[in-house]
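Structure, as structure tokens:
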Amino acid sequence: ASRQAAGIPGITPTEEKDGNLPDIVNSGSLHEFLVNLHEKYGPVVSFWFGRRLVVSLGTVDVLKQHINPNKTSDPFETMLKSLLRYQSGGGSVSENHMRKKLYENGVTDSLKSNFALLLKLSEELLDKWLSYPETQHVPLSQHMLGFAMKSVTQMVMGSTFEDDQEVIRFQKNHGTVWSEIGKGFLDGSLDKNTTRKKQYEDALMQLESVLRNIIKERKGRNFSQHIFIDSLVQGNLNDQQILEDSMIFSLASCIITAKLCTWAICFLTTFEEVQKKLYEEINQVFGNGPVTPEKIEQLRYCQHVLCETVRTAKLTPVSAQLQDIEGKIDQFIIPRETLVLYALGVVLQDPNTWPSPHKFDPDRFDDELVMKTFSSLGFSGTQECPELRFAYMVTTVLLSVLVKRLHLLSVEGQVIETKYELVTSSREEAWITVSKRY
């Protein structure tokens with residue numbers, strides 16, 4: 001009787017111990033499982049993770065009833081914390097509010113302080129691509145991951161990562177950790193496989209020890225370069241909180257930035273008219289002058305291209321909140337302690353909210369209301385997750401540098417299949433070619 005889902009439509013557990021995990025695994029991913037579930041049962045559905053009741057929300061209307069703009073814990077980070085088995089925020093409202101402020105300042109200040117670095121790394125990638133013959137196939141995902149790792153590690157964790165060997169080591173450990181938690185709560189096989197579990201724990205320990213050293217080094221000293229960790233160190237957080245927050249931020253920022261860059265360029269190679277319009281905006285805003293933070297702010301169409309990239313690729317298809325007090329959505333009561341999933345991937349392709357949802361159309365964001373809806377889901381504006389805000393800026397700088405000098409072209413006959421994890425990527429390498437504009 002305890003397995004009744006409080007009258008919320010959905011499915012009963014397939015297995016006593018694993019709940020609906022087998023169904024999720026059979027669907028291919030949590031996102032694809034949720035697409036089917038919402039199609040069948042409507043906007044508010046329930047299923048079981050192990051012995052735990054989960055409720056998923058799949059339309060803008062029901063999400064708006066649940067998302068509390070005053071709630072300071074970020075749904076994407078909440079999910080990562082539970083996967084890393086970190087103690088979730090759980091602080092008082094004022095404490096969480098302070099942390100949110102620290103985060104926001106951390107992103108703003110580290111982007112401002114490291115703008116020249118970001119530009120330099122973007123130009124290094126441009127030079128590399130300019131040197132290629134026009135027929136050369138460029139492994140886009142690989143290059144974007146490399147670029148994101150280099151830029152994000154230095155902006156979040158500082159000059160240790162000017163050393164490429166450090167970046168490579170970080171990338172290897174990051175890959176091991178992400179390949180486990182990136183699947184989300186999905187397959188539960190980590191606990192059954194001791195070799196994999198040990199590799200994961202070793203990698204996590206190595207990442208934590210790098211962070212501990214950096215935190216120790218940055219305490220009570222002033223550096224000319226302001227990095228993200230400095231903002232956390234200057235707040236009133238204890239060392240464990242700084243460690244957990246900087247771990248979550250660096251893990252998620254690297255992967256969100258890499259995938260946002262990859263998908264944006266993928267879509268630009270496929271939709272030539274969008275690339276042409278972006279090129280015209282970049283030319284109009286920068287002319288022959290340098291790329292500056294002030295001018296970056298004026299790239300309105302570029303912002304719409306990135307919003308539409310996040311929407312079409314369903315960049316982060318799922319996030320989560322813990323129901324701390326009993327709540328109500330439509331006519332359904334959501335019991336306290338329920339894990340509530342935001343099925344963002346389902347919401348982002350809902351034809352009632354987005355006309356022609358499968359069409360890549362940055363112009364849809366010219367409409368203030370569309371932008372408002374997008375913001376309310378946490379994808380832009382005041383509600384957006386700090387990692388995404390960071391990724392938007394990095395990608396904007398990179399595109400400004402690349403598109404000004406290069407035509408980005410797709411490789412004929414290539415079909416890009418999507419792999420839905422916590423952050424969406426392509427299943428195989430995505431190849432492009434480039435040709436010089438001048």
List the atom pairs, with distances to 0.1 Å, where a side-chain N or O of residues 306-315 and a protein N or O form a donor-acceptor pair under 3.5 Å, not counting sequence neighbours.
residue : atom : partner : partner atom : Å
Glu308  : OE1  : Arg311  : NE           : 2.8
Glu308  : OE1  : Arg364  : NE           : 3.3
Glu308  : OE2  : Arg311  : NH2          : 3.1
Glu308  : OE2  : Asp361  : N            : 2.7
Glu308  : OE2  : Arg364  : NE           : 3.0
Thr309  : OG1  : Val305  : O            : 2.7
Arg311  : NH1  : Leu348  : O            : 2.8
Arg311  : NH1  : Pro357  : O            : 3.0
Arg311  : NH2  : Pro357  : O            : 2.7
Arg311  : NH2  : Lys359  : O            : 3.2
Thr312  : OG1  : Glu308  : O            : 2.7
Lys314  : NZ   : Gln349  : OE1          : 3.2

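Listed for the Gln275 side chain is no donor-acceptor partner under 3.5 Å among the backbone atoms of His407. Put simply, the side chain of Asn238 gets close to the backbone of Gln241: a donor and an acceptor are under 3.5 Å apart. Put simply, the side chain of Trp354 gets close to the backbone of Val347: a donor and an acceptor are under 3.5 Å apart.
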Full working for side chain to side chain contact (heavy atoms under 4.5 Å, CB included) between Glu281 and Cys302 = CA-CA 8 Å; Glu281 179 181 68; Cys302 186; 3.7 Å; yes

query = Should Glu280 and Lys276 be marked as a salt bridge (Lys or Arg N to Asp or Glu O under 4.0 Å) after you check the CA-CA gap, both sets of side-chain angles, and the distance that decides it?
reply = CA-CA 6 Å; Glu280 284 161 3; Lys276 182 168 180 281; 3.2 Å; yes

request  = Decide yes or no on side chain to side chain contact (heavy atoms under 4.5 Å, CB included) for Phe286 and Leu299, but give the supporting numbers first.
outcome  = CA-CA 10 Å; Phe286 299 113; Leu299 295 172; 3.9 Å; yes

request  = Evaluate the side chain to side chain contact (heavy atoms under 4.5 Å, CB included) criterion for residues Phe170 and Leu207: first the C-alpha distance (whole Å), next the side-chain angles of each, then the deciding distance (0.1 Å), finally the verdict.
outcome  = CA-CA 7 Å; Phe170 179 86; Leu207 290 177; 3.5 Å; yes

inquiry  = Using salt bridge (Lys or Arg N to Asp or Glu O under 4.0 Å), reason through Lys101 and Glu104 one step at a time and then give a plain yes or no.
reply    = CA-CA 5 Å; Lys101 208 71 227 124; Glu104 282 170 6; 3.2 Å; yes

message = Run the side chain to side chain contact (heavy atoms under 4.5 Å, CB included) test on Trp431 and Thr269 for me, step by step, so that the C-alpha distance in whole Å, both residues' side-chain angles and the decisive distance to 0.1 Å come before the verdict.
response = CA-CA 10 Å; Trp431 299 92; Thr269 63; over 6 Å; no

inquiry  = Evaluate Asp245 against Lys81 for salt bridge (Lys or Arg N to Asp or Glu O under 4.0 Å), listing each step before the verdict.
reply    = CA-CA 9 Å; Asp245 285 357; Lys81 281 203 161 151; 3.1 Å; yes

task = For salt bridge (Lys or Arg N to Asp or Glu O under 4.0 Å), just list the numbers for Glu124 and Lys128, CA-CA rounded to whole Å, side-chain angles, deciding distance to a tenth of an Å, and then say yes or no.
result = CA-CA 6 Å; Glu124 281 172 12; Lys128 187 172 173 172; over 6 Å; no

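Looking at Thr108 and Phe390, their side chains never come closer than 4.5 Å, going by heavy atoms from C-beta outward. In this structure, the side chains of Ile24 and Leu21 come closer than 4.5 Å at one or more pairs of heavy atoms. Looking at heavy atoms from C-beta onward, Tyr132 lies out of side-chain contact with Thr433 at the 4.5 angstrom threshold.
Residues Glu32 and Ser29 bring a donor and an acceptor atom of their side chains to less than 3.5 Å of each other. Remark: the Ser56 side chain and the His38 side chain contain an N/O donor-acceptor pair separated by less than 3.5 Å. A donor and an acceptor atom, one from each side chain of Ser253 and Glu387, are nowhere located under 3.5 Å apart. Judged by distance alone, the side chains of Ser375 and Ser380 do bring a donor and an acceptor atom under 3.5 Å apart. Using modelled atom types, one finds a donor on one side chain and an acceptor on the other under 3.5 Å when comparing Gln225 with Asn114. Side-chain contact annotation: His31 with Glu421, donor-acceptor N/O pair under 3.5 Å absent.
Residues passing the side-chain hydrogen bond (donor to acceptor under 3.5 Å, both in side chains) test with Lys277, sequence neighbours excluded: Asp363.
Between the CG atom of Leu121 and the CE atom of Met155 there is a distance of 9.0 Å, given to the nearest 0.5 Å. A distance of 10.5 Å separates CG in Leu204 from OG1 in Thr176, rounded to the nearest 0.5 Å.
Taking the six-membered ring for Trp and thresholds of 30 and 60 degrees, Phe47 and Phe49 have ring planes more than 60 degrees apart, a perpendicular arrangement.
In this structure, Tyr342 has its ring center under 6.0 Å from that of His66.
Residues in residues 204-245 take part in these ring-ring contact (aromatic ring centres under 6.0 Å, His included) pairs, two or more places apart or across chains: Tyr103-Phe228, Phe228-Phe249.
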